[in-house]
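Okay, structure first, notes after.
Quick caveat, the model's predicted, so the values are computed rather than measured.
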Amino acid sequence: MSNATVHQVVINKDRIRAMLSQAMETHCVTAPASNGKVIDYLPVTDIEAIVMDDRLPYKSPKEFFFPRCEKILSFAQDGAKQTAPEQPVLLFGVKPCDLAAIAVLERVFTMGKFQDPIFMAHRGHTLIIGTACEQKKTACFCDDLAVDMQYSDACDLFLGNSGEDYEVLYVSERGKEQLGIYLPELANFENADHLPKTPPESLSLSEKETVLFEKVNWEALTETCQGCGLCTYICPTCHCFDFKDVEENGTACRYRNWDSCMFPQFTLHASGHNPRDTKAERYRQRVLHKYAYVPKNFGVIACTGCGRCIRSCPTGVSIRQVVEAVRGELK
Amino acid sequence: MIFAKQTEEIRACCEKILAEQRVDVILAYQDGGPDGAMIPFFARSAQDVEKIVWGDRCWQHLASYLHGRRDRVGIVAKPCDVRAIVQYILEQQVARDQVYIIGVDCAGMVDQYGDSRPGCGDCSVHTPPLWDTHIADEAIVEIQVPPTRACEDLAYNLEKFQREIDKCILCYSCRQACYGCYCKTCFVQRDLTDWQPAEIDTGTKMTFHLGRAMHLAGRCIECGSCEAACASGVNIRYIIKEVTNFIADTYDYRTGMDLTTTPAMVSYGANDRDIGFLGGEDH
């Protein structure tokens, strides 16, 4: 094989299947698959179960880095032990919006004042293969947030669709190293320069918090919200959590579980006081966390326009319409 | 088209009760949801009334918005909404004179593919059991109380139940979406007695779902909101359906059908079957 760099590598889908099949020996291969009712990112052992079409899984892939429930620590009289993930994960078929969301989580968990070793361990254990998104689904609005449907470098290998083949659009150093075992042609692939998507995001909130709090009629905007919290659980970037310490066979264990800002208990103080007592205040928090606080603290909007919360909302509340309405009210 | 006619009738009624100041707000539906779904809408003026629509995509449950409200509310209510309202009135959560029921005949709601929404496929109540104004659909032939399926074998049930809740991530969306789950602090969130351990496993999930099913004994109105809100496609109605069937078998009671029958779980009769108390066979 020559060592000349190439800019185009095309791989048949069957070879990708064969690669995933081989990888199952060492990795927990996780890919879009049906749970009997909806498509989800699921650990698969049968290669035929992997859904390779354009459908976006119902839930986001965040649970592979930030699990729904995780024992993170145990401590007894002989000291504390941190638990660490064991089997490496190969996450396949992640769409650009979800890749952008993983990048948001990375910023929040690893690039701020505190680094989260558990998150970093999961991220370090996971190889991610992204695939391009061909068509917008109902309620998708990635355009408004400058997420490119056809390209992402927030992964180890990014594949564009071309009929029965995949075209390699990006491969990371780590991808070359670890996926090159199965796909030797990746070794010579050189990433093309990729300009950031234009126009930049059009959906953002830049006003001061006091203005956003006081000048916006949040009650009217959130009147139909039922407060079910579904949006926070299926959102690829929502990352609030709660700790619970319990005793298990003489050892104290600390669990980290997802929590939701849409529930009144989320901010309930021991005194009984609740600073976010109403639905409007809670929904405001969800919107501002994504569109004001994370941008301020980590430099990126924590919404990637995947549209999950809009499609799934039992009462048709749309975060896009709410943000647009807020922008309209503040004009 | 029947929906256009029903929409006209609903609007006329809404306009009237708003003009007569009988209500402060009307809970209804408007266009604008994803994939052509209709979404909840709070109408307060004659202009708002123009936006009210009715169709076979009005699947959201409006009755749960009534809980905790103090104003006078008009509500465009499907039969399942009305059953929830009846139950709220019986449980003294809503006053009868606080709510003006525009009861609409409903043949069942569908999703964007024309498939029945959760709860609609096996619904047997197509005409509201209580109303102040009735928006009829002559095409609907009211199906009388269907023969309830006998309860499944326990071992079979347990296995099926565990298979279903394997998918559950315990997000509690079903509870939040349920009209009947209005406890200020859910039993699983109490600190004393701590019902839920920290780890989310099958046992934790069973505690929640079985506990919730017990709390909904004789209260579930089979609207399907729990399943519609589920993040993982769990057939939640299935387990509650078993409890509902048991109540129907044991006490000949159906939830939310009228304002005069005392709910099964708050009445005691000397002739009540023992199985309802002890889980054992009748003597």
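For the atom pair CD1 (B:Ile169) and SG (A:Cys69), the distance works out to 11.5 Å, reported to the nearest 0.5 Å. Here the straight-line distance linking atom CD of B:Gln112 with atom CZ of A:Arg311 works out to 10.5 Å at 0.5 Å rounding. Separating the OG1 atom in A:Thr315 from the CZ atom in B:Phe41 is a distance of 14.5 Å, to the nearest 0.5 Å. Interatomic distance, B:Gln176 CD to A:Met262 CE, rounded to the nearest 0.5 Å: 9.5 Å.
Both the backbone and the side chain of A:Thr224 come within less than 4.5 Å of a heavy atom of chain B. Interface residue B:Ala177: backbone and side-chain heavy atoms are both found under 4.5 Å from chain A. With a threshold of 4.5 angstrom between heavy atoms, B:Glu199 approaches chain A through its backbone and through its side chain. Contacts between A:Phe243 and chain B at a heavy-atom distance below 4.5 Å are absent for every atom of the residue. B:Ser225 does not touch chain A: none of its heavy atoms, backbone or side chain, sits under 4.5 Å away. For chain B, the nearby part of A:Cys225 is the backbone; its heavy atoms alone come within less than 4.5 Å. Residue contact with chain A, scored on non-hydrogen atoms closer than 4.5 Å, involves the backbone and the side chain of B:Leu170 alike. Neither the backbone nor the side chain of A:Glu63 comes within contact range of chain B; no heavy atom of the residue lies under 4.5 Å from a heavy atom of that chain. For A:Cys253, no part lies under 4.5 angstrom from a heavy atom of chain B. Only the side chain of B:Arg44 has a heavy atom closer than 4.5 Å to any heavy atom of chain A. If you measure heavy-atom distances from A:Asn35 to chain B, the contacts under 4.5 Å come from both the backbone and the side chain. Only the side chain of B:Glu227 comes within contact range of chain A, judged by heavy atoms closer than 4.5 Å. At a 4.5 Å heavy-atom cutoff, the contact between A:Gln265 and chain B is made by side-chain atoms alone. Looking at A:Lys59, only its side chain comes within 4.5 Å of chain B, counting heavy atoms on both sides. When heavy atoms are compared at a cutoff of 4.5 Å, B:Cys230 approaches chain A solely by way of its backbone atoms N, CA, C and O.
Among all heavy-atom pairs drawn from B:Ala231 and A:Ile234, the shortest one is CB-CG2, 3.8 Å. When all heavy atoms are compared, the tightest approach of B:Ser173 to A:Cys228 is OG-O, 3.2 Å.
For the set B:Leu27, B:Val234, B:Thr185, B:Ile200, the entry with the most heavy-atom pairs within less than 4.5 Å of chain A is B:Ile200. Your options are B:Pro34, B:Pro40, B:Cys171, and the one with the most heavy-atom pairs under 4.5 Å with chain A is B:Cys171. Considering only heavy-atom pairs separated by less than 4.5 Å from chain B, the leading option among A:Gly36, A:Ser318, A:Gly307, A:Gly227 is A:Gly227. With chain B as partner, the option from A:Glu223, A:Lys244, A:Gln226 having the largest number of non-hydrogen pairs under 4.5 angstrom is A:Glu223.
Counted within 6.0 Å of NZ on A:Lys37, heavy atoms from surrounding residues, nucleotides or ligands total more than 12; the atom is thus considered enclosed. Atom CD of B:Gln21 is surrounded by 12 or fewer heavy atoms from other residues, nucleotides or ligands within 6.0 Å.
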